[in-house]
Every structure is written in structure tokens, then in C-alpha cells.
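I have placed the structure first, in the form of C-alpha cells, so that the comments after it can refer back to it.
These numbers come from a predicted model, not from an experiment. Hydrogens, waters and symmetry mates are skipped; everything else that's a heavy atom, side chains included, is used. In the text below, chain A, chain B and the rest are named by the order of the sequence lines, each starting its count at 1.
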Protein chains: 2
Amino acid sequence: MTTDDIKSKLIERGLKVTPQRMAILEAIYSLKNHPTAENIIDYILKKHPNIATGTVYKVLGVLVENQLIKKVTTEKDIMRYDGIMESHHHLYCMESDVIKDYVDVELDELLQKYFEKKNLPGFKIEDIVLQLKGTFDNR
Amino acid sequence: MTTDDIKSKLIERGLKVTPQRMAILEAIYSLKNHPTAENIIDYILKKHPNIATGTVYKVLGVLVENQLIKKVTTEKDIMRYDGIMESHHHLYCMESDVIKDYVDVELDELLQKYFEKKNLPGFKIEDIVLQLKGTFDNR
DNA sequence: CAGTAATTGAGAATCATTCTCTTTTAGGAA
DNA sequence: TTCCTAAAAGAGAATGATTCTCAATTACTG
Ligand SMILES: [Mn+2]
Ligand SMILES: [Mn+2]
Ligand SMILES: [Zn+2]
Ligand SMILES: [Zn+2]
């Protein structure tokens, strides 16, 4: 993911290209484990010492609205963010708070077929997210 | 769910039976749509005007730890609670914030079989939660 | 009924997030 | 290239859900 790739993404959505937006998107793509706003701020501060906390939250909101990133919820009172927009699920480690991406096309097809038949009463499904909670073998 | 049923649940877990704990559990069982702490407080205040906010959060934490209730996360910065401990999934209405329970034994079996075969690298699954995001037909 | 550890109440503190208001800036127009 | 202006960012206060602290109360044990 180059600087120009990131720039293109902003332009595609009709968003102004600002150093802050560039830096925040770059941070999300670089940081692993679905960073918090704080993780992003820490990462950015090295190269961008003047960014305001409120700006980071503002930009994150804009990026979510424009479908460049996704929010990831956990049982903790902290929002986390995800730069991967392709359909995928998450493995939540309840011990370490690590969230690992889990891509499984076969499963997605299975679920889609399942819910095509079984149509839910008066509910239109937009997105199916599987939260797999458990623990990683620590080794 | 009678008062004695609730009492029994506390005793089974070795928890002291206090009016606050009784009231909070009763509120969760009575309130629909996966109440917030605030919903619970409002409900309880009628019969129990002196309960402290901190106590409600404390008790909710104790109940979660002792597996009498579950936390339900949303994209909002508010935790919601669920008194149903049987395995089930949730329909999230993105327009109204309604969360409807979705019980589907067939689906649970399907998923369980699926993940028995496909064993994930170094991850031990404890719980699978399906978040079905969408909208209810407004009528 | 008394003793004691657990629980609660009251209110302060925390802290992630949002808001307000002023200053700066990106990007189109001239 | 320079100007203009709406949009974005900075600074810091405010918000609001949740947590914490500590003194007072209470549920259980014996
Ligand atoms: Mn919060
Ligand atoms: Mn909050
Ligand atoms: Zn992800
Ligand atoms: Zn539920």
C-alpha cells in the first residue's frame, strides 16, 4: 500500500487529501491487531507531532462513513478499527485481546445459502459477522 | 421467572442474595431489547429509589462473571446486557438499535460441524456469536 | 444475637469520545 | 499563480458511560 494508493482511496470517495487523513489511513494499514484510536495516535505522533486527538476521532468517523475502514467492537469500552474491507470474520482472544482476521470464503457461501432459504421474518440482512471467541495456544 | 427462581440462581453461584441483585436480575429478565445499565436503573428506581449507579455497574459485572447474564456489544459506546444464557444469535437493526434474539439450533449444529472439520491454527473456540446486521421492515 | 467479610451508597475520578470555537488549509476559480 | 471559501484541523473544554474510593450497611455464619 503506497502513499499514492492511499491518496487514491481518499479521492475516490471525494474526500479532501490532508496530511492527517493520509497519516491515519497509513497507520491503520500498518498497525496490526485492529488498533484503537490511541494506538493510531501513538503511531502517528512520531512523524506527525501536532495532530490533535479530536482530529483523529473526527477522521476515523469520516473514514468509517465513507467505507474506507470499519469499526470493530469488543467487550471492552474501547472501539477498534479495521482497514480490511473485504468480507471477513474475527478470532477474539479473550486472554490477550488479540483480534485475528479470519477469511473463509467457503463459510461465507455456506452462510449466504443458509440464509437465502431460511428467510427471517421481516428482517433484511445487510451483513453477517461471525465473532469467534476463544483463546490462542500460547506457544 | 419468579422471585424464588431468581434467588435460586444467585444461591447456585454462591452469591449473597441482596435486594439490589434481585432487582437488577429481575429488571434484566423483564426488560426487552437487551437493556443498557441506564435502562435497568430507570426500571429499578420505581421500586428501589435508593440504588446507586455504581452498585448497578458493580452487580452487572458480578452477574457477568458468574455467568448469569451476558454482555452484548454494539457499535455504540454503550454496553447492553442479555439475560438469556442459552446459545443464540442477534439481529441488529441498524436504524432503530433494536436487538432481537435469534435462536437457531440447526444453524448452531451446522457451524459446530463446520468448525470441527476445519480446525483453526492454534485457536480454541469457546463461543460462536453471529451478528446479523440489517433492518427490520418498518410496518 | 453477634461477628465479620462482603456489599452498598455517595460522590469523586477516570477516560474514551465528542463538542465548540478559532485558525489553518485544500482545492477550485479567476 | 494567486484568491477565495468551504472544509478540515487544533486546542482545550465538556460529556457521559463506567470505575474507583472509602465509609456505612447488611447478609450470612455460628
Ligand atoms: Mn466509554
Ligand atoms: Mn463514553
Ligand atoms: Zn479484521
Ligand atoms: Zn440475546
Worksheet item: How long is the line joining CG of B:L15 and C1' of C:dA5, in whole Å?
Response: 15 Å

Fill in: B:I99 backbone acceptor or donor facing B:N33 side chain under 3.5 Å
yes

Practice prompt. Starting at atom CG of A:N66, determine the distance to atom P of D:dA7, rounded to an integer number of angstrom.
Written response: 14 Å

Practice prompt. Classify the nucleic acid contact of B:T18 as base, sugar-phosphate or nothing, counting any heavy atom under 4.0 Å across all strands shown.
Written response: sugar-phosphate

Worksheet item: Taking atom P of D:dA17 as reference, at what distance in whole Å does atom CD1 of A:I78 sit?
Response: 17 Å

Discussion item. Reading DNA chain D from 5' onward, which residue's closest nucleotide shows up sooner: A:R21 or B:K71?
Written reply: A:R21

Worksheet item: Rounding to a whole Å, what distance do you find between B:K76:NZ and D:dG16:P?
Response: 14 Å

Response to the item:
Winner on side-chain proximity to B:E38, out of D:dT18, C:dG9, D:dA17, is D:dA17

Practice prompt. Write down the distance between CE (B:M79) and P (C:dC15), rounded to a whole number of angstrom.
Written response: 17 Å

Item to complete: Round to a whole Å and report the spacing from NZ of A:K7 to P of C:dG27.
Response: 8 Å

Discussion item. Determine whether a donor-acceptor pair (N or O, by modelled atom type, separation under 3.5 Å) exists between the side chain of B:N66 and the backbone of B:L68.
Written reply: no

Discussion item. Measuring to OP1 and OP2 of C:dG9, would you say a side-chain N or O of B:T53 lies under 4.0 angstrom away?
Written reply: no

Worksheet item: Within the pair B:Q20 and D:dT26, is there a side-chain N or O less than 4.0 Å away from OP1 or OP2?
Response: no

Item to complete: Name the nucleic acid region contacted by B:V62, choosing base, sugar-phosphate or nothing; use a 4.0 angstrom heavy-atom cut-off, strictly under.
Response: nothing

Practice prompt. Using the six-membered ring wherever Trp is involved, compare the ring planes of A:F115 and B:Y102 and label them parallel, tilted or perpendicular (cut-offs 30° and 60°).
Written response: tilted

Worksheet item: Does B:D97 pair with B:K76 as a salt bridge, N-O distance under 4.0 Å?
Response: yes

Worksheet item: DNA chain C: A:Y81 or B:H48, which has the more 5' nearest nucleotide?
Response: B:H48

Worksheet item: When you measure from the side chain of B:K16, which nucleotide among C:dG27, D:dA17, C:dA6 comes out closest?
Response: C:dA6

Response to the item:
Whole-Å distance, B:M22 CE to C:dT8 C1', equals 17 Å

Worksheet item: Which nucleotide in the list C:dT8, D:dT18, C:dA26 gets nearest to the side chain of B:A37?
Response: D:dT18

Item to complete: Starting at atom NZ of B:K58, determine the distance to atom P of D:dA17, rounded to an integer number of angstrom.
Response: 21 Å

Practice prompt. Ignoring backbone atoms, test whether A:Y57 places a side-chain nitrogen or oxygen under 4.0 Å from the OP1 or OP2 oxygen of C:dT17.
Written response: yes

Worksheet item: Using 4.0 Å as the upper bound for N to carboxylate O, is an ion pair formed by A:D104 and B:K118?
Response: yes

Fill in: Toward the 5' end of DNA chain D, by each residue's nearest nucleotide, A:V59 or A:G54
A:V59

